[in-house]
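Report on the structure given below.
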Amino acid sequence: MPSGSHTQASLYERIYRQVSSIPAGRVSTYGRIAGAAGIPGHARQVGYALHRLKPGSEVPWHRVVNAAGMISLAPASHGYTIQRQLLESEGVRFDHRNVICLARYLWPPVDGCHRAESSGRG
DNA sequence: CGTATGACGAGCC
DNA sequence: AGGCTCGCCATAC
């Protein structure tokens, strides 16, 4: 392989790969995706990468929310409704404040908190 | 090429 | 406990 430049996939491609690794019914945050993609601290770049996605993309962009567990799109935006519907369609529940419980749905799972496993025991 | 902006995050009060 | 501001850097014009 040609040394020097990007021996690996492009940054966006790495971001898309990380996002694609999120299973259905789980969510991740921009910051975590950034860290997993090799650019810790650059959460905004992840948001930008998803913004660049095309409508026909198979990347589960809707499984990415901000560190507060909220959809980062404008609540009155069309994208917000789409993302929320897709998440609820996968079983992700929203708080009365439109917040997702990251302790239950965050991917990769966190220890010390019960997960939303299919067994329904928590 | 410089200014403005944005699908974020952490700190400050 | 929560709203506001700054910093980060690629993209748009």
Side-chain angles (χ1 to χ4, degrees):
Chain A
M1 56 171 69
S3 59
S5 311
H6 56 325
T7 51
Q8 303 186 13
S10 299
L11 175 58
Y12 278 22
E13 198 167 316
R14 277 180 288 170
I15 291 173
Y16 297 146
R17 179 162 292 280
Q18 292 300 331
V19 175
S20 299
S21 76
I22 306 172
R26 296 293 189 286
V27 301
S28 190
T29 66
Y30 297 93
R32 290 179 83 84
I33 294 295
I39 50 168
H42 294 252
R44 302 205 68 170
Q45 302 309 111
V46 176
Y48 221 93
L50 298 183
H51 177 68
R52 300 256 304 175
L53 275 174
K54 284 175 282 201
S57 215
E58 56 187 282
V59 179
W61 59 270
H62 57 277
R63 295 180 192 148
V64 185
V65 297
N66 61 28
M70 295 189 295
I71 293 173
S72 199
L73 294 166
S77 175
H78 181 62
Y80 180 94
T81 304
I82 297 298
Q83 182 169 7
R84 176 152 182 166
Q85 283 184 359
L86 286 170
L87 287 174
E88 291 185 328
S89 170
E90 296 181 350
V92 177
R93 304 279 299 172
F94 280 74
D95 198 273
H96 64 104
R97 291 288 296 176
N98 301 329
V99 177
I100 298 172
C101 185
L102 292 180
R104 300 184 351 168
Y105 300 109
L106 186 63
W107 188 264
V110 292
D111 293 343
C113 296
H114 73 119
R115 269 91 68 181
E117 297 298 337
S118 55
S119 295
R121 278 291 263 110

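Since the model is a prediction, treat every value here as computed from it, not as a measurement. In the text below, chain A, chain B and the rest are named by the order of the sequence lines, each starting its count at 1.
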Nearest heavy atoms of A/L73 and A/W61, plus distance in Å: CD1-CZ3, 4.4 Å
Point-to-point distance, once rounded to the nearest 0.5 Å, from CG of A/L87 to CD1 of A/I82: 11.5 Å
Sub-4.0 Å heavy-atom contacts from residues 27-36 of chain A onto DNA chain B, ordered by number: A/T29, A/Y30, A/G31
Pairwise distance CZ(A/R63) to OG(A/S20) - rounded to 0.5 angstrom: 8.5 Å
Heavy-atom pair with the smallest gap, counting every atom of A/M70 and A/N98: CG-O, 3.8 Å
A/F94 vs A/V99 side-chain heavy atoms within contact, under 4.5 Å: no
For residues 27-48 of chain A, which side-chain N or O atoms pair as donor and acceptor with protein atoms under 3.5 Å away, sequence neighbours left out?
{"residue": "A/S28", "atom": "OG", "partner": "A/W107", "partner atom": "O", "Å": "3.2"}
{"residue": "A/T29", "atom": "OG1", "partner": "A/R32", "partner atom": "N", "Å": "3.2"}

Expected output: side-chain A/Y12 to main-chain A/L53 donor-acceptor under 3.5 Å: no
Span of DNA chain B, from the first to the last nucleotide whose atoms fall under 4.0 Å of chain A heavy atoms: B/dG6 to B/dG9
Given DNA chain C, 5'-ward residue of the pair A/R97 and A/L11, judged by closest heavy atom: A/R97
Side chains of A/Y16 and A/R52 in contact at under 4.5 Å (non-hydrogen atoms): yes
Value rounded to 0.5 Å, distance of CG in A/L106 from CD1 in A/I100: 10.5 Å
Separation between OH of A/Y105 and CZ of A/R93, rounded to the nearest 0.5 Å: 7.0 Å
Close side-chain approach of A/R14 and A/L11, heavy atoms under 4.5 Å: yes
Minimal non-hydrogen separation, A/V92 against A/R26, with atom names: CG2-N, 4.4 Å
Residues in contact with DNA chain B, drawn from residues 50-58 of chain A - heavy-atom cutoff 4.0 Å: A/L50, A/H51
Distance in Å, A/H62 NE2 paired with A/E90 CD, rounded so as to fall on 0.5 Å steps: 3.5 Å
Residue pair A/Q83 / A/V65: nearest heavy atoms and the distance that separates them: NE2-CG1, 3.9 Å
Heavy-atom side-chain contact between A/S21 and A/Q18 under 4.5 Å: yes
Interface with DNA chain B, restricted to residues 40-49 of chain A and to heavy atoms under 4.0 Å: A/A43, A/R44, A/G47
Members of residues 67-87 of chain A that approach DNA chain B, where some heavy atom sits under 4.0 Å away: A/A67, A/S72, A/L73
